[in-house]
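Scope of the values below: all heavy atoms of this structure, side chains included, with no hydrogens, waters or symmetry mates.
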2 protein chains.
Amino acid sequence: MSDKIISPFFGQHNHAHCTQEALEQAEVSCAGKGLKLTALRKEVLTIVWQTHKPVGAYDVLEELRTRGHKPSPPTAYRALDFLVHAKLIHRLASLNAYIGCPAPDEGHQGQFLICTQCKSVAEIEDLRIIKAIDATAASTGFNANRQSIEITGLCGACESQT
Amino acid sequence: MSDKIISPFFGQHNHAHCTQEALEQAEVSCAGKGLKLTALRKEVLTIVWQTHKPVGAYDVLEELRTRGHKPSPPTAYRALDFLVHAKLIHRLASLNAYIGCPAPDEGHQGQFLICTQCKSVAEIEDLRIIKAIDATAASTGFNANRQSIEITGLCGACESQT
DNA sequence: CACCTTTTTGTTATAGTATTACATAACAGT
DNA sequence: ACTGTTATGTAATACTATAACAAAAAGGTG
């Protein structure tokens, strides 16, 4: 099978465990790359990981406030930018929002299934898509360096509730 | 070959002809669907078609002003929304901008190659990508209804100028 | 045509998203 | 301790998009 689901696919799971694992991976990953996962950045990462739904920058700000900070927008955007560059989270352009990346060290690009009903997002890695894009790039001389693939629809659970 | 370039791929072409054809197609397409391509909407479509670079909503507003209108934001957004729904233009989520669709009646989804250097955008339709997405959807129970595929990089021309 | 309904456009205000610019503080190496 | 660098705080502002209501234009019907 050439596609791989790399986040819990709209299913039940132990989310506390899921989040904790992401945080531990983040520590390791940053240490390995010489990046500094400061207290603030870690807190923002935790906030993003609270759900598998995308979180907006101003949601992060709000949440930081409930945790005793008094942040203004650049605080959130800077932390989010750092996390994106560290490949710990992804930005979903179609939603202006962020979501935790469950596999920061696999060098994958973002491919997302976004449920319009329950708002959950699953990240996938489909080698056929990557290959197809590479092939098109090669055939046209286009030198691709980033792909943003965002597919919206209804997840199985929401579909069956109709 | 399973992929198709459906807009001039970063190459030279007779753009006046290109634009005019798009406008004529738009007339026909709207007539066929019972949609009203009003003077304002047509003017906005023309503005979007001025280049193969994406155009922002406020660019459209600006351009409308130079043409004697005194529009406020909703004027531009409404016309752009109409054109998107009529499948005459696409919105590029990663750029908050719009670009003309050269093949409005082919029912395709948007797949775009975006050159970060010259800002040109080419639209492609790669059946392998579509099939790969359908396959993933089928295998997970996800019911996809819209895809947004935006690939950024350097086009051949800009690459060779390096 | 006169009337009514629907759609489109105008207008004002405001909501939501993101960045610039500069100040202060924390950190790392000498 | 000193210094250069990185991170965070703060204020202001730019950019993107929509809500809500008013006016005008277009289309249908008796």
Side-chain angles (χ1 to χ4, degrees), chain A residues 26-27 30-31 33-48 53-86 88-99 114 119 148 150, chain B residues 26-27 30-31 33-48 53-86 88-99 114 119 148 150:
Chain A
E27 298 271 18
C30 284
K33 297 184 208 157
L35 298 175
K36 284 191 282 189
L37 188 62
T38 63
L40 176 64
R41 290 164 176 174
K42 196 167 173 180
E43 195 159 11
V44 170
L45 182 59
T46 307
I47 291 169
V48 172
K53 304 188 201 315
V55 177
Y58 281 74
D59 295 334
V60 169
L61 276 171
E62 194 62 31
E63 183 67 21
L64 282 172
R65 279 196 193 97
T66 70
R67 294 172 177 226
H69 298 72
K70 295 183 185 61
S72 35
T75 300
Y77 281 102
R78 283 193 288 230
L80 289 166
D81 285 350
F82 169 86
L83 296 171
V84 167
H85 287 124
L88 299 174
I89 64 175
H90 293 282
R91 179 170 188 275
L92 299 172
S94 65
L95 300 175
N96 297 325
Y98 300 82
I99 193 154
I114 303 169
K119 311 296 181 195
S148 158
E150 302 179 18
Chain B
E27 298 272 16
C30 284
K33 297 184 208 158
L35 297 175
K36 284 190 282 189
L37 189 62
T38 63
L40 176 65
R41 289 163 177 173
K42 197 168 172 179
E43 195 158 12
V44 171
L45 181 59
T46 306
I47 291 169
V48 171
K53 305 188 201 314
V55 177
Y58 281 74
D59 295 333
V60 170
L61 276 170
E62 194 63 32
E63 183 66 21
L64 282 173
R65 278 195 194 98
T66 71
R67 294 171 177 227
H69 297 72
K70 295 183 184 61
S72 35
T75 299
Y77 281 102
R78 282 191 289 230
L80 289 167
D81 285 349
F82 169 87
L83 295 171
V84 167
H85 287 124
L88 299 174
I89 65 176
H90 293 282
R91 180 173 187 273
L92 299 172
S94 65
L95 300 175
N96 297 325
Y98 300 81
I99 193 155
I114 303 170
K119 310 297 182 194
S148 157
E150 301 178 18

Query - A:P74, nearest nucleotide to its side chain (from C:dT20, D:dA7, C:dT7) - result: C:dT20

Query - Nearest-angstrom distance from the residue atom NE2 of B:H69 to P of C:dT8 - result: 16 Å

Query raised in the report: More than 12 foreign heavy atoms under 6.0 Å from NZ of B:K42: is that the case here?
Result: no

Query raised in the report: D:dA25 P sits how many Å from B:R41 CZ, rounded?
Result: 16 Å

Query raised in the report: What is the distance, rounded to the nearest whole Å, between atom CG of A:L37 and atom P of D:dA7?
Result: 11 Å

Report summary line: Whole-Å distance, B:F82 CZ to C:dT7 P, equals 13 Å

Query raised in the report: Does a nitrogen or oxygen in the side chain of B:N96 sit under 4.0 Å from OP1 or OP2 of C:dT17?
Result: no

Requested in this report: Would you kindly give the CZ-to-P distance between A:R65 and D:dG9, to the nearest whole Å?
Outcome: 12 Å

Query raised in the report: Where do A:E150 and B:S148 land on the side-chain hydrogen bond (donor to acceptor under 3.5 Å, both in side chains) test, with the steps shown first?
Result: CA-CA 5 Å; A:E150 302 179 18; B:S148 157; 5.2 Å; no

Query - For atom CD of B:E43 and atom P of C:dG10, their distance in whole Å - result: 11 Å

Query raised in the report: What is the distance, rounded to the nearest whole Å, between atom CG of A:L95 and atom P of C:dG16?
Result: 16 Å

Query raised in the report: Closest heavy-atom contact between A:P73 and A:L61?
Result: CA-CD1, 3.6 Å

Query raised in the report: In whole angstroms, how far is the P atom of C:dG16 from the CG atom of A:L61?
Result: 14 Å

Query raised in the report: Stacking here means centres under 5.5 Å and planes under 30°; does B:Y77 stack on D:dT18?
Result: no

Query raised in the report: Mapping B:P71 and B:Y58 onto DNA chain C by nearest heavy atom, which one lands closer to the 5' end?
Result: B:P71

**Report entry** CD1 on A:I47 to CD on A:E62, rounded to 0.5 Å
**Finding:** 10.5 Å

Report summary line: From the candidates D:dT8, C:dA18, C:dG10, the one with an atom nearest any side-chain atom of B:L40 is C:dG10

Report summary line: Testing D:dA11, D:dG9, D:dT18 for proximity to the side chain of B:P73, the answer is D:dT18

Query - Side chain of B:R78 (C-beta onward), nearest among C:dT8, D:dT10, C:dT11 - result: C:dT11

Query raised in the report: Counting side-chain heavy atoms from C-beta on, which of D:dT10, D:dA26, D:dA7 comes nearest to A:S72?
Result: D:dT10

**Report entry** Side-chain N or O of A:T75 closer than 4.0 Å to phosphate OP1/OP2 of D:dT10
**Finding:** no

